[in-house]
Amino acid sequence: MESQSSTPNFADLVQSDRVHGSLYTNEEIFQLELEKIWYKTWVYVGHTSEVPNANDFVSKSIGPQPLIMTRGRDGVIRLLLNRCPHRANQVCLQAKGNRGSFTCPYHGWTFSNSGELRGFPFPEGYDTADRSELGLGQVNRVAEYKGFVFGSFADEGPSLEEHLGAGGRDAIDRLVQTSPEGEVEITAGFLQHRAKANWKFIVENETDGYHPQFVHASIFSIAKSGIGDLYSNDSTAVARDLGDGHTENDLRPEFRRIDKPMNWFGTNEARLPDYVEKMKAAYGEEKAREIMIDGTPHVMIFPNLFIAEIQIFVIQALAVDESIQHVTALQFKGAPDLNRRLRQQTMGSVGPAGFLLADDSEMYERTQRGVKSKMPEWNYLGRGKHRERRDADGFMVGDATDEVTSRGIWRHYRELMEAK
């Protein structure tokens, strides 16, 4: 590896079937990731349903950068940097609310919720100040797809739809059609789970189909949900590299083999009669049955949005060895009976006493400690490389437990880190 003071050689550090351990521990590399990934590409920030009304706001982030997502009087959603241009104090300490302006608690500077400086106390001290240059900073580009709001600090670059690609757009399309009204709502509130681990360990794990049988064996054996079988060596599910760092565990082949509507949710049609009737009315009986068999996607949108069937995770990189996962239950517009169960299952799996996330978080922190070891210095990612193949859409796929997803993530990572 290159010395700490020189620019890392990513061609050496990221190879076709292995990555160097320093990629998870090197502070210089983390700072480069902020510059080349978090502050350059499109990053998921929030959902339009979180700010439905004029003057609504929620506190958000892109990596370590605190933001305020606002909906102005004009209906436009903006991403403001939560930093006073005077002395850098945070101007908003609330998680959410409704207000037309923000006042810095340090010296009383006041800003509109579209970012402009409204005024400051004792204005005679600023006779020569140009107020137009003293507003809140704003994320350069903001765009949304089916209600999912992304931001990019880069002045120019690929559009959001180009960033998502066909695979990412299809995943979100499949997600929203689970609603009889074709819309997702993010209204259940977020839990925050902090892990002393590098953000890339979390990204890799989200679509790693090799670990569930082992890490989650205890809960699978007690709950008898059948989830573990989806990731077995005999499963017909596939791991898929969607390109541009986006990856998927596609469980639809297994659900189609079982051929029972709502089996993906661990239940059946009889338990959700209102939802089933609304879906049939919205899509027709045949299409509704297809949607209810396939279920929601299990997709990681690089670098930070994980759509996990019944919930979403938003990954926040705080430091080279510290990350936060913000998690909330998905809610589908027009489906109150389904939504109630979604909230209950989310609390059971990833809530404060939930089993699944506790298992994963323990693995994240153990791997962060272990990756500092001198021998071996590499993480091997070669599982299933010999049986990778292209699917009908041209995406690289592997068996359910193969590491085709991790290899896809790292290929894209290397491209971003080597870009000028």
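Treat the numbers as computed from the prediction; the structure is a model and nothing was measured.
Comment: R256 engages D294 in a salt bridge, judged by a side-chain N to carboxylate O separation of less than 4.0 angstrom. Between D241 and R411, at least one side-chain nitrogen of the basic residue sits less than 4.0 Å from a carboxylate oxygen of the acidic one, meeting the salt-bridge criterion. Ionic pairing of E286 and K280 is not present here: no N-O contact between side-chain nitrogen and carboxylate oxygen is shorter than 4.0 angstrom. Checked for salt-bridge contact, D173 and R169 miss the test: no charged N lies under 4.0 Å from a carboxylate O.
A donor atom on one side chain and an acceptor atom on the other are found under 3.5 Å apart for N98 and D56. A donor and an acceptor atom, one from each side chain of S112 and E116, are located under 3.5 Å apart. Judged by distance alone, the side chains of D399 and T401 never bring a donor and an acceptor atom under 3.5 Å apart. Defined by atom type and a distance below 3.5 Å, a donor-acceptor pair is present between the side-chain atoms of Y413 and E33. When only modelled atom types and interatomic distance are considered, T103 and T110 share a side-chain donor-acceptor pair under 3.5 Å. Looking at S323 and Q325, their side chains never bring a donor and an acceptor atom within 3.5 Å of each other. There is a side-chain donor-acceptor pair under 3.5 Å between H216 and D360. In this structure, a donor-acceptor pair under 3.5 Å is absent between the side chains of N198 and D321. Side-chain contact check for K36 and T41: no donor-acceptor pair (N or O, by modelled atom type) lies under 3.5 Å. The closest side-chain donor-acceptor pair between E309 and T296, if any, does not fall under 3.5 angstrom. Judged by distance alone, the side chains of Y364 and N205 do bring a donor and an acceptor atom under 3.5 Å apart.
The number of heavy atoms from other shown groups lying within 6.0 Å of CZ (F120) is above 12.
Residues Y24 and W410 bring their aromatic ring centres within 6.0 Å. Aromatic pair Y126/W109: centroids less than 6.0 angstrom apart. For F255 and W264, the ring centers sit 6.0 Å or farther from each other. Two rings, from F313 and H193, have their centers 6.0 Å or more apart. For F302 and H412, the ring centers sit closer than 6.0 Å to each other.
In this structure, the separation between NZ on K96 and CD on E50 is 8.5 Å, given to the nearest 0.5 Å. To the nearest 0.5 Å, atoms CD (E27) and OG1 (T25) are separated by 10.0 Å. How far OG of S159 is from CG of L164: 8.5 Å, rounded to the nearest 0.5 Å. Separation of atoms CZ (R73) and CG (N53) is listed at 13.5 Å; rounding is to 0.5 Å. Of the inter-residue distances, the one linking T405 atom OG1 with M300 atom CE reads 11.5 Å to the nearest 0.5 angstrom. Atom-to-atom distance recorded for L381:CG and D208:CG is 9.5 Å, nearest 0.5 angstrom.
For the pair R383 and Y210, the cation-pi criterion (under 6.0 Å, within 45° of the ring axis) is fulfilled. Cation-pi contact between R341 and Y275: absent, since separation from the ring centre below 6.0 Å together with deviation from the ring axis within 45° is not met.
At least one side-chain heavy atom of P8 sits under 4.5 Å from a side-chain heavy atom of L32. Looking at heavy atoms from C-beta onward, L416 lies out of side-chain contact with R414 at the 4.5 angstrom threshold. Residues L81 and Q65 are in side-chain contact: their nearest non-hydrogen atoms beyond the backbone lie under 4.5 Å apart.
Exactly one residue among I312, L191, V314 makes a side-chain contact (heavy atoms from CB on, under 4.5 Å) with H326. That residue is V314.
Minimum interatomic distance between G63 and Q316 (heavy atoms only, all atoms of both residues): O-NE2, 3.0 Å. The shortest non-hydrogen separation linking D12 to W378 is O-CH2, 3.0 Å. Across all their heavy atoms, V299 and A171 have their closest contact at CG2-CB, 3.7 Å.
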Checklist entry - Between K287 and E290, does a salt bridge (Lys or Arg N to Asp or Glu O under 4.0 Å) hold up when you go through it step by step? => result CA-CA 5 Å; K287 180 63 175 177; E290 176 185 312; 3.2 Å; yes
Next on the checklist: Could you walk me through whether R407 and D17 satisfy the salt bridge (Lys or Arg N to Asp or Glu O under 4.0 Å) test, starting with their C-alpha distance in whole Å, then the side-chain angles of each, then the deciding distance to 0.1 Å, before giving a yes or no?
Outcome noted: CA-CA 7 Å; R407 291 190 291 274; D17 61 357; over 6 Å; no
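Using bins of under 30°, 30° to 60° and over 60° for the plane-to-plane angle, the ring pair Y44/F148 lands in the tilted bin. Ring geometry for F57 against F102 counts as perpendicular: the plane angle is over 60°, on a 0 to 90° scale with 30° as the lower cut.
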